[in-house]
Amino acid sequence: MITQELTIYNTLQKNKEKFISLIPEHAGLYVCGPTVYGEPHLGHARPAITFDLVFRYLKHIGYKVRYVRNITDVGHLENDADEGEDKIAKKARLDQLEPMEVAQFYIDSYHKAMDKLNVLRPSIEPRASGHIIEQIEMVQQILDKGFAYISNGSVYFDVPKFDQEFGYGKLSGRVLEDMISNTRELDGQDEKRNAADFALWKKASPEHIMRWNSPWSIGFPGWHIECTAMSTKYLGEHFDIHGGGMDLIFPHHESEVCQSTVANGKESVKYWMHNNMITINGQKMGKSLGNFITLNQFFNGDHAMLERSYNAMNIRFFIMQAHYRGTLDFSNEALIAAEKGMLKLNAADKLIEKLPASNNSSENISEWVKRCYEAMNDDLNTPKLIAELFDASRIINSVKDGHLQLTASDIDLLKENFRLFYYDILGMVPDTAAVQGEDVTEKLMDLILEIRQDAKTNKNWGVADMIRNKLTDAGIVVKDTKEGAEWERKN
RNA sequence: GGUCUCUUGGCCGAGCGGCUAGGCACCGGUCUGCAAAACCGUCUACUCCAGUUCGAAUCUGGAAGAGACCUCCA
C-alpha cells in the first residue's frame, strides 16, 4: 500500500506534479551514472545522493522500486582534446593499461566512495560496453523508421525531420530554428546534414581503441543511445522517472527523448528529475580552475583549498541541507557549520534512550511526524526535514532537562520516527564510534571519568582539568551534566 | 549573443500573498569550581526600480549581478 502522496518537480512540465506510478505500487527509476575515466569527485556525489533519496523514499512509502543507474565506459572524447580521442582509450595509452582495466579501476573507486557516502547500490548497474548489441538494434530501428541516415560509416539522427513530426525541444525548451541560426560553421564536420543532428553510431578512426563491429562500420555507439537502449531493456518502453544532473538536459536528455519517441513509438519517460550543480567558493568546479576536488581528497583533507578533512557523512549531510534543485556552494566554513549541526543530531539521537517519561505530553509528536512527511512529500524538501529534526533535537534536550514533558508512548513515537527519517530515509549512518560494542573502551572511560569525579569532589581542579584536556586532545569530548559526566567522540 | 535558472540577515539555507523557518557564528542569561554541552532570550534579511493588492521576500514589468547549457564528444 502506498502510504504517502509524493509530489515531484517534472522538468518536462516545469512544475510540481503528483507522483503516480505507471504500474500501481511499482516504480521504475533510471539515472545517468558516472563516466568512468577519472576519480569520483563532488560532482558525482550530488546526483548519487539525490536519487538515493528518491530510491529510499519511494521504497519507504510502499513502492517496489527498480533503480537502474548506468556506467558509461565507452566512447568518450576529452573536452579539451584537439582530435577526437576516446577518453578511456587515451587514459589507457598513457597508463599502458587495457581500456577495460581503466574502466574497472574507476568503477571500483566510484563504488568505494559511494559506499562511504552510504549511497545504496542500484538494483541494476548496466555498463554501456555490455549493451552494444542492444544499442545497434535500436539504431537500426531508428534507421528503419526513417529518422536517421548513414554518412561515411556513421549514423546520425535526423533532428529536423523529428521536429516536423513530433516537435523538438520539449524538455530543454530549445527551438530548432534558433539552434541552427546560432550554430557556428566548423570545418570537417560535414558528415551531418544538419548541425543539430547527433550521432547514433560513430565510425572509429584508426587510433580509436574501443571499437565494435556493426552493420555500418567498425566503431562505437553515440553517447545518447546507451541510456535509451538500457532504460528500455530494463524498465520498458514507458517508465516512471529518469534522473540526472541539470547539465545533461541538453543535449543528452533531449536526444534521449528523440530516440525513444522514434524507437519505441512513444515518449518513454513520465517524470524527468534534475539535480542542480555544485560550485566551490562560488565557482564552477573544473580541473583548469584548480578547484577540482575528489571525494577522497575531502575524506583525507588532501587539497590546497581544504582547511581539514571532512568525513563522508559530513558531506552527505551538507548536500542534503540544500534542496536538490538549487545550486550548492561548498566552502570550508559551510562544511564545518554542517558538521556541527550533524553532531547535534547525533547527540540528540543518543539522548532519546535516556528520556524520562511523564504522564502528559507538552508536545504534539504526531503533528511533528506529519510535518516530516510533508517536507519529504513536497519534492523531497530535505532542508525542511532537517529543520524538523533540529526541532526534535530541541524537544529531546528539553525533555531531558525537564523543561518539556513526553509520555512513554510519545517518546517511542519520537524515537522511532527520528531514526526513520535520519537514518533510513536521509541515509545518515548512526554514530557508531562511541556506541558500538567496544566494552573495553566503555569500561576505561567509566574508570577515567570516575577518577576525574573523585578529583572534582576533592576540589583538585588541576587533575580534573588535565584529564578533560587530555581527553579533548585525544578527540573525546567530556560533558558534565547533572547526572554526572558523559563523553562522546568527535568525528 | 541565444535559451533557461538563480539573487534571502556575518555564513549556509527554507519559504511561493498576510503568521518565528532552521543550522552555524555573535551577544546576554540559566547551569557549572571553570569550561564545554544543553536550555532560554536578543540581534542582524529578503539585489535595485516601478506596478498589481487592503497587504509582497512571495505576483507582474524593467535594471544590475551570478550560474548552467548553447561546435565536436561523453
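Just so we're clear, the structure is a prediction, and the values are computed from it rather than from any experiment. A note on names: the letters A, B, ... follow the listed sequences, proteins ahead of strands, and every chain is numbered from 1.
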Using the ring centroid of each side chain, check whether A:F330 and A:F298 are separated by less than 6.0 Å. yes

Indicate, with yes or no, if the rings of A:Y373 and A:F421 have centres closer together than 6.0 Å. yes

Quick one: [X] [atom1] to [N] [atom2], roughly how many Å, whole number?
X	N	atom1	atom2	result
A:N397	B:rC40	CG	P	9 Å
A:I386	B:rG15	CD1	P	13 Å
A:D454	B:rG33	CG	P	16 Å
A:Q453	B:rU32	CD	P	13 Å
A:L345	B:rG23	CG	P	10 Å
A:K456	B:rA35	NZ	C1'	10 Å
A:K479	B:rC39	NZ	P	10 Å
A:L343	B:rC24	CG	C1'	12 Å

Give [X] one of three labels, base, sugar-phosphate or nothing, depending on what nucleic acid heavy atoms sit under 4.0 Å from its own.
X	value
A:K344	sugar-phosphate
A:G222	sugar-phosphate
A:D480	base

For a quick test of reading the model: is some side-chain N or O of [X] closer than 4.0 Å to OP1 or OP2 of [N]?
X	N	result
A:K384	B:rG15	no
A:K459	B:rC34	no
A:N381	B:rG15	yes
A:R394	B:rC40	yes

What nitrogen or oxygen pairs link the protein and nucleotides 3-13 of chain B at under 3.5 Å?
none

Sole residue of A:K350, A:K400, A:K479 in salt bridge (Lys or Arg N to Asp or Glu O under 4.0 Å) with A:E486: A:K400

Testing A:R325, A:K384, A:K18 for salt bridge (Lys or Arg N to Asp or Glu O under 4.0 Å) with A:D379, which one passes? A:R325

Just to be sure I understand the geometry, which residues of residues 249-258 of chain A put a non-hydrogen atom under 4.0 Å away from RNA chain B? A:F250, A:P251

Exceeds 12 heavy-atom contacts within 6.0 angstrom, atom CD of A:E450: no

For [N], the Watson-Crick or wobble counterpart (both distances under 3.5 Å):
N	answer
B:rG9	none
B:rU20	none
B:rU58	none
B:rG41	B:rC27

Partners of [X] by side chain to side chain donor-acceptor pair (under 3.5 Å), sequence neighbours excluded?
X	result
A:Y422	A:N346
A:K354	none
A:K370	none
A:N469	none

Base B:rA35 paired with A:R468 side chain (donor-acceptor, <3.5 Å): yes

Between A:Q259 and A:T228, does any side-chain donor sit less than 3.5 Å from a side-chain acceptor? yes

Aro-ring/base stack A:W461-B:rG33, d under 5.5 Å, angle under 30°: yes

